[in-house]
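Every chain is numbered from 1, with letters handed out A, B, ... down the list of sequences.
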Amino acid sequence: MDDVDIEGLLRTLAPQVLGAVVRRYGHFDLAEDATQEALVAAVAQWPGQGVPDDPRAWLIRVASRRLTDLLRSDQARQRREDTVAAWTIPEERLAAPADQPPSASDDTLVLLFLCCHPALPPASQIALTLRAVGGLSTAEIARAFLVPEATMTRRISRAKQRIRDSRAPFRMPSDDERSGRLDAVLHTLYLIFNEGYASTSGPYLQRTELAAEAIRLTRTVHRLLPDDAEVTGLLALMLLTDARRPARTGPNGELIPMADQDRDRWDAAAIAEGVALVSEALPTGATGPYQVQAAIAALHDEAPSADETDWPQIVALYEVLLRLGDNPMVALNHAAAVGMAKGPAAGLELLEGLASDRRVAEDHRFYAVQAHLQEMAGDPVAARESYDQAARRTTNVPQQRYLHARAARLTGS
Amino acid sequence: MKYMIMLYASQQDYDLMVGNPTDRPAWSPEAVAKMFEFMEQWNNELVESGEFVDGQGLAAPVHTRRIQGRRDGAPVVTDGPYPETQEVLAGYTIVECDSFDRATEIAARVTECPSPSGEPSAEYIDVRPLQSERADPEI
């Protein structure tokens, strides 16, 4: 087995090992450290000594041993500090009901629910998910988010402390809270994906591949919950969006808008898989926002050219999204789609209504959509001003260059 | 010891880099890509050597807000207080290394960053030690 396979294997086993250790001994926070150390030991030993016959059992054994050491030193410290806090048997140490034998896959889900616990702020949910479920090291996560490693170490240990303090049990959320907790998990995975997808090249650090990691984790959730239409929708949305990535930037890192992308460079296999998932999810009952966004992405991906995009259908889907929740960015995309379907005047009219919404009126995307519609409407002077306004409002260099280039093109005409 | 390496640029430099029209020609896409590549490699080498602590680029100087306290009354906020050509802090990288000389050596490499004109991309770069977080133990 080569190094790449070992890494893949370890990343898949990481949440299962952690789940097994927590289930046996409790102490989520220390068990998480112990599991990381077991992974590090495996990376050091397996390439030379070969992969053990039962790698999962090997990791659980090493992690359990390490946890014992950690607990011992933790207890010693507690004694030294003369804490009066009584030792209580944490709820998670109580045995699971005998009629529900825990499985490794259940553990991965339980871990995800725990890492996306409502007691944690989003940044901590993301960091903890990537470490405890994704099996990434703190250094890798720090690099992905362009923060110093010490900052990420603190963020993760505070997150674990909060989970400990919240006394959240290591088990599936109850039926009545399950849907809300799953929403939180999906939102975290969505944020991880976006962080990876939206990042552009720049003078700073190479970033760990977050979009691929988000897809891998969402695939796992989809495997565990194949009948949940929103999980299916989220996986489809990620695949259909990521499929366009090879065409999204030029050779010098410059941004290329969808209309100008070379569609031959889109990932046909990812599109096929995404479209199949959307078709599978849509008829299965309640329609959620991820399924609708995936359906919109599918319409873009299936259009043979930008001109052949089914804009009326996209408008209809944005209207479904608007009914699902008040989101000014959705309203902005809706206005852009209306401009494409019914002509720029109709789109600009909708934008006027949005101009008083402070959540978007100062956003560079508002001005970029306005510029595009003004350009379509044959008003280069206004369009140019809007492109400049948009460029002034973003701090991302490739985006600024794109917007200024659009403005410059209009000056020439 | 930790040191901050400070890079400077004027609003005009930013405009050239992002293609905002000025009386001088903007950077080509290739020139921007080369600069990004150089700086990314410079930063990544510091990560590999374990000397990297933190690094950030600042948005254009025009986005600066200056707050001036006043003896009587509320502080006054001014948007974009710098002249177009004034060189101001544009980005920083904090390194942790063995000596001031090593930090200087790291900083000096930035002068090799490719620029469209072929001139050194920055007129100067500053390196400054960070204040120590702890006092020496008493002996």
Item to check | Contact listing (chain A partner; residues 59-86 of chain B; heavy atom under 4.5 Å) | outcome: B:Ala59, B:His63
Checklist entry - Taking everything shown except A:Arg359 itself, do over 12 heavy atoms lie less than 6.0 Å from its CZ? => result yes
Checklist entry - Closest heavy-atom contact between A:Arg401 and B:Leu16? => result NH1-O, 4.2 Å
Checklist entry - Yes or no on side-chain contact (heavy atoms from CB on, under 4.5 Å) for B:Phe36 and A:Val397, after CA distance, side-chain angles and deciding distance? => result CA-CA 10 Å; B:Phe36 279 6; A:Val397 172; 3.7 Å; yes
Item to check | Which of B:Ser28, B:Pro29, B:Ala26 touches chain A most, by non-hydrogen pairs under 4.5 Å | outcome: B:Pro29
Item to check | Crowding at CG, B:Asp98 (>12 non-hydrogen neighbours, <6.0 Å) | outcome: no
Item to check | Contact summary for B:Val18 and A:His404, nearest pair of heavy atoms | outcome: O-CD2, 3.2 Å
Next on the checklist: Distance check, rounded to the nearest 0.5 Å: B:Tyr14 atom OH versus A:Thr395 atom OG1?
Outcome noted: 10.0 Å
